[in-house]
Amino acid sequence: MDASVKERIESLIASSPVFVFMKGTKLMPQCGFSNNVVQILHAMGVPFETFDVLSDMEIRQGIKDYSEWPTIPQVYVKGEFIGGSDILIEMYNSGELREQLEVALAS
């Protein structure tokens with residue numbers, strides 16, 4: 001991965017305690033999986049920022065290389081990759097997501 005792309009990704013992730021790389025924006029998700037993530041975070045009342053990977057092909061591919069995860073969306077909490085839509089749904093349903101976010105956002 002190009003060093004400048006890696007720096008941009010790291011800067012984006014660091015810009016918010018909860019950051020989502022997704023298709024579309026939190027106001028207008030462009031795929032069902034991205035929409036799932038947005039709906040979960042909104043339901044929990046968690047502030048988060050997003051980046052629309054459809055707007056930048058370097059970031060779209062770069063984030064997959066960065067996380068070694070092949071799909072979008074990708075959710076980061078305090079710089080740590082948590083997972084995508086399916087993992088977030090599982091964590092939300094089990095209560096694990098609320099616990100992890102409370103700990104991360106409290107510090």
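Because only heavy atoms are used, hydrogens play no part in the values below, and waters and symmetry mates are left out as well, while side chains stay in.
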(message) Less than 4.5 Å apart, side chain to side chain, heavy atoms only: is that true for Met1 and Gln61?
(response) no
(message) Quick check: closest heavy atoms across Asp52 and Gly24, and the distance to 0.1 Å?
(response) OD1-N, 2.9 Å
(message) Does any part of the side chain of Gln100, heavy atoms only, come nearer than 4.5 Å to the side chain of Ile82, both counted from C-beta?
(response) yes
(request) Please assess Glu90 against Glu96 for the test side chain to side chain contact (heavy atoms under 4.5 Å, CB included), listing each intermediate value before the final yes or no. (result) CA-CA 8 Å; Glu90 288 177 23; Glu96 183 182 349; over 6 Å; no
(request) Taking all heavy atoms of Ile72 and all of Lys64, pick out the closest pair and write down the distance. (result) CG1-CE, 3.9 Å
(message) A quick test of your reading: do over 12 heavy atoms of other residues, nucleotides or ligands sit less than 6.0 Å from CE of Met57?
(response) yes
(message) For residues Val103 and Met44: do they belong to one hydrophobic cluster (side chain heavy atoms under 4.5 Å, members Ile, Leu, Val, Met, Phe, Trp, Tyr)?
(response) no
(request) Just say parallel, tilted or perpendicular for the rings of Tyr76 and Tyr66, cut-offs at 30° and 60°. (result) tilted
(request) State the CG-CD distance between Leu41 and Glu49, to the nearest 0.5 angstrom. (result) 11.5 Å
(request) Any chance you could measure Asp56, atom CG, to Phe51, atom CZ, to the nearest 0.5 Å? (result) 4.5 Å
(message) For the backbone of Trp69 and the side chain of Gln74, can you confirm whether one donor and one acceptor N or O come within less than 3.5 Å of each other?
(response) yes
(request) Provide the closest heavy-atom pair for Thr50 versus Lys26 in the form atom of the first, atom of the second, distance. (result) OG1-N, 3.8 Å
(message) Has Ser34 got a side-chain atom pairing as donor or acceptor with Met22's backbone, closer than 3.5 angstrom?
(response) no
(message) Does Glu10 have more than 12 heavy atoms from other residues, nucleotides or ligands lying within 6.0 Å of its CD?
(response) yes
(request) List the atom of Val20, the atom of Val75, and the distance in Å for their closest heavy-atom pair. (result) CG2-CG2, 4.2 Å
(request) Report the distance from atom CZ of Arg60 to atom CD1 of Ile63, rounding to the nearest 0.5 Å. (result) 13.0 Å
(request) Quick one: which residue pairs count as a ring pair (Phe, Tyr, Trp, His ring centres under 6.0 Å) with a foot in residues 23-45, not counting sequence neighbours? (result) His42-Phe48
(request) To the nearest 0.5 angstrom, please state how far the CG atom of Asn35 sits from the OG atom of Ser85. (result) 9.0 Å
(request) Give the intermediate values and the outcome of side chain to side chain contact (heavy atoms under 4.5 Å, CB included) for residues Asn36 and Leu88. (result) CA-CA 9 Å; Asn36 289 342; Leu88 224 65; over 6 Å; no
(request) Look only at the side chain of Ser11 and the backbone of Arg8, and say whether a donor-acceptor pair between them is shorter than 3.5 Å. (result) no
(message) If you compare all heavy atoms of Ala104 against all heavy atoms of Val77, which two are closest, and at what distance to 0.1 Å?
(response) CB-CG1, 3.4 Å
(message) Please report the interatomic distance CZ(Arg98) to CD1(Ile40), rounded to the nearest 0.5 Å.
(response) 11.5 Å
(message) Would a single hydrophobic cluster contain both Leu54 and Leu12, if residues Ile, Leu, Val, Met, Phe, Trp and Tyr are joined by side-chain heavy-atom contacts under 4.5 Å?
(response) no
(request) Indicate the atoms forming the closest heavy-atom contact of Pro47 with Val18, along with that distance. (result) O-CB, 3.7 Å
